[in-house]
Amino acid sequence: MCGIVGYIGQEPAAPILLDGLSKLEYRGYDSAGIAVFDGASIRMEKTVGRLRVLQELTQNGETMPGFCGIGHTRWATHGCPSDTNAHPHMNREHTIAVVHNGIIENYAKLKAALQKKGYEFVSETDTEVLAHLLTEYYRGDPIKAIEKVLSRVEGSYALGIMFLDHPHHIYAARKDSPLIVGFSGTGKFIASDVPAILKHTRTVYYMENEEIVSLSMEHIRFYNLDGEPLEKQPVTINWDIHAAEKGGFPHFMLKEIYEQPKAIRDTISPRIQGDDVALEELGLSDEQIRSIRKINIVACGSAYHAGVTGKYVLEGLARIPVEVDLASEFRYRDPILEADTLVIVISQSGETADSLAALREAKGRGAKVLGIVNVVGSSIAREADNVLYTWAGPEISVATTKAYSCQIAALYLLALKFAKVRGQIDPSDFSQMLQDLRNLPEQVEQLLGQKEQIQFFANRFLATEHVFFIGRGIDYAISLEASLKLKEISYIHSEAYAAGELKHGTISLIENGTLVVALATQENLYPKTISNIVEVKSRGAFVMALTNEDHKEMEHTADYVLYIPKTNRFFTNSLAIVPLQLFAYYISLGRGLDVDKPRNLAKSVTVE
Ligand code: AGP
């Protein structure tokens with residue numbers, strides 16, 4: 001996600017802003033910029049690329065004198081990485097500058113209304129809307145203008161704002177995207193995260209949702225959205241700098257597991273409008289959606305596992321035949337693609353060589369290609385005919401968690417959209433499933449509360465050598481991802497198996513004490529999976545089962561049971577995968593391994 005830094009004090013602002021942004025580079029970004037009040041105007045410099053480019057451009061801030069400013073590193077969500085789309089964004093008069101982390105979900109509507117009033121936009125971003133909306137409402141009182149703007153904005157935001165006629169002030173506000181306020185003997189700060197200001201101060205205020213703050217040399221004043229003053233207590237940060245980069249988490253993987261509720265919400269919410277799914281970014285008319293005769297999903301690793309879930313959900317809801325291929329196989333099997341085939345390429349990085357080659361193979365055979373990608377402007381995003389972005393934010397840990405969860409969430413939206421357009425779903429079922437989707441982030445949040453219980457259970461299996469994950473239908477898809485998570489970060493051999501297939505050979509490997517993780521979230525297949533659990537138990541297996549919360553009788557069959565809250569059977573992957581990510585994490589941690597950077601692995605496999 002983006003990084004924000006702001007400063008007002010006795011020292012030159014630009015070097016402090018640039019240094020603070022450098023401490024936020026770990027968050028992932030594609031462009032950077034700063035704005036500083038130079039005594040007469042708000043000077044702005046911003047550029048695509050690494051922070052180093054901006055540092056060279058401004059001679060590490062020397063060319064931008066002034067004691068008050070804001071800075072930003074951008075992780076693109078709306079609009080490709082470019083100088084123009086980089087933050088800060090200013091109004092035409094250059095009297096207001098804004099930096100933003102988050103997603104303005106209703107930016108298109110706000111932008112159209114402002115354009116009708118004659119406002120001219122220069123960027124593709126959602127953030128620029130804020131600069132013009134502040135201009136529209138500003139009558140001399142920054143807090144009042146900010147209140148009015150935020151009352152019209154839907155979505156998530158952490159904002160840093162400057163007003164030219166309040167040159168010795170910085171304003172900030174937050175909702176769902178983190179923002180802190182710090183102060184030292186010589187200045188005051190805003191930042192997205194502690195690392196940006198830790199060298200200056202360990203005394204910070206954590207802003208809460210829908211709070212506004214005004215900073216000057218003399219004061220720090222907090223307000224609610226009604227403009228009423230708020231009293232807040234500062235806290236002291238005790239982290240060391242490395243812990244701080246991970247937001248206080250010991251590893252990026254755990255931090256990203258905990259970011260899943262927000263990542264899923266950011267991916268789903270902007271695309272559920274009223275009682276419908278809005279997916280204009282597909283670039284497919286209803287007619288084109290109705291004419292799709294087949295879907296090929298192509299990906300690697302966890303993205304492939306998301307695709308397997310996609311098969312069950314798209315076929316189950318939209319009744320469209322779906323074939324799922326490993327990209328490394330697809331590209332060499334001389335695939336048969338008709339003109340009315342939709343190829344979906346799923347990729348977190350958007351740079352996986354096999355997936356990119358498969359995309360080119362598909363396009364070369366006349367198929368329309370949709371990308372489901374996390375990195376805006378990446379190769380797969382640029383070469384696909386259309387892109388459905390996952391808004392998971394940057395994923396640092398090699399083992400994917402939040403990006404995978406957002407990939408399956410994007411596939412749910414696609415399946416519901418296709419099912420509705422093709423008349424394959426009852427309107428009341430459709431509405432109920434939209435509500436089930438909206439509930440997922442909170443249910444994931446609830447599952448994160450099982451952390452200690454899962455860590456305790458994981459510690460019993462640190463020395464285990466073989467693990468089997470079994471399931472039927474979507475439970476099989478979940479098994480695939482859970483098994484890979486364990487393998488790649490704990491180095492324990494594990495296999496995912498269709499539960500009904502075990503008896504055709506592999507069950508010979510089950511012996512006394514073999515750990516089997518049985519997924520049983522598919523109500524229509526529950527009795528069959530119970531039989532498979534009995535099957536492996538009779539051969540000595542120790543079975544951890546994962547099932548829906550109303551199946552307490554599972555405790556009479558399995559040795560250890562984890563429960564997930566009720567949701568639609570097509571969506572259980574989003575919930576079941578969370579405890580299994582934690583299980584893999586704690587096994588790796590217990591074995592003293594490098595959770596975030598497992599041996600032999602790269603975050604993006606850009607070679608064949
Ligand atoms: C998953 O934890 C792995 N990091 C790996 O399987 C990954 O999913 C695969 O390499 C695909 O990467 P992509 O999503 O960036 O294309």
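When a ligand or atom number is given, it counts from 1 through the structure's own listing order.
At the shortest separation from atom 10 (O) of ligand 1 among protein heavy atoms lies Val605 CG2, 4.1 Å. For atom 13 (P) of ligand 1, the closest non-hydrogen atom on the protein side is Thr352 OG1, 3.3 Å. Looking at atom 9 (C) of ligand 1, its nearest protein heavy atom turns out to be Cys300 O, 3.8 Å. With respect to atom 15 (O) of ligand 1, the closest heavy atom belonging to the protein is Ser349 OG, 2.7 Å. Counting only heavy atoms of the protein, atom 4 (N) of ligand 1 lies nearest to Val398 O, 2.8 Å.
Of all atoms in ligand 1, listed by their number and element, those nearer than 4.0 Å to a heavy atom of Glu488 are 1 (C), 2 (O), 3 (C), 4 (N). Every atom of ligand 1 with a heavy atom of Gln348 under 4.0 Å away is listed here by number and element: 13 (P), 14 (O), 15 (O), 16 (O). Close contacts of ligand 1 with Ala399, meaning ligand atoms under 4.0 Å from a residue heavy atom, involve 2 (O). Counting the atoms of ligand 1 from 1 in the order shown, those under 4.0 Å from a heavy atom of Ser302 are 1 (C), 2 (O), 6 (O), 8 (O). For ligand 1 and Lys485, the ligand atoms under 4.0 Å from any heavy atom of the residue are 1 (C), 2 (O). In summary, the atoms of ligand 1 found under 4.0 Å from a heavy atom of Leu484, numbered by their order in the structure, are 6 (O).
Asp176 and Arg265 are not joined by a salt bridge, as no carboxylate oxygen comes within less than 4.0 angstrom of a charged side-chain nitrogen. Salt bridge present: Arg360 and Glu383 bring a charged side-chain N and a carboxylate O closer than 4.0 Å. Checked for salt-bridge contact, Lys402 and Glu395 miss the test: no charged N lies under 4.0 Å from a carboxylate O. A salt bridge does not link Glu329 to Arg333: none of the charged nitrogens lies less than 4.0 Å from a carboxylate oxygen. Note on Asp475 versus Arg569: no salt bridge recorded, every NZ/NE/NH1/NH2 to OD/OE distance being 4.0 Å or above.
In this structure, a donor-acceptor pair under 3.5 Å is absent between the side chains of Glu256 and Ser397.
The ring of Phe571 has its center closer than 6.0 angstrom to the ring center of Tyr412.
In terms of N/O distances under 3.5 Å, ligand 1 is approached by Ser347.
The line from NZ of Lys368 to CG of Asn386 is 5.0 Å long, rounded to the nearest 0.5 Å.
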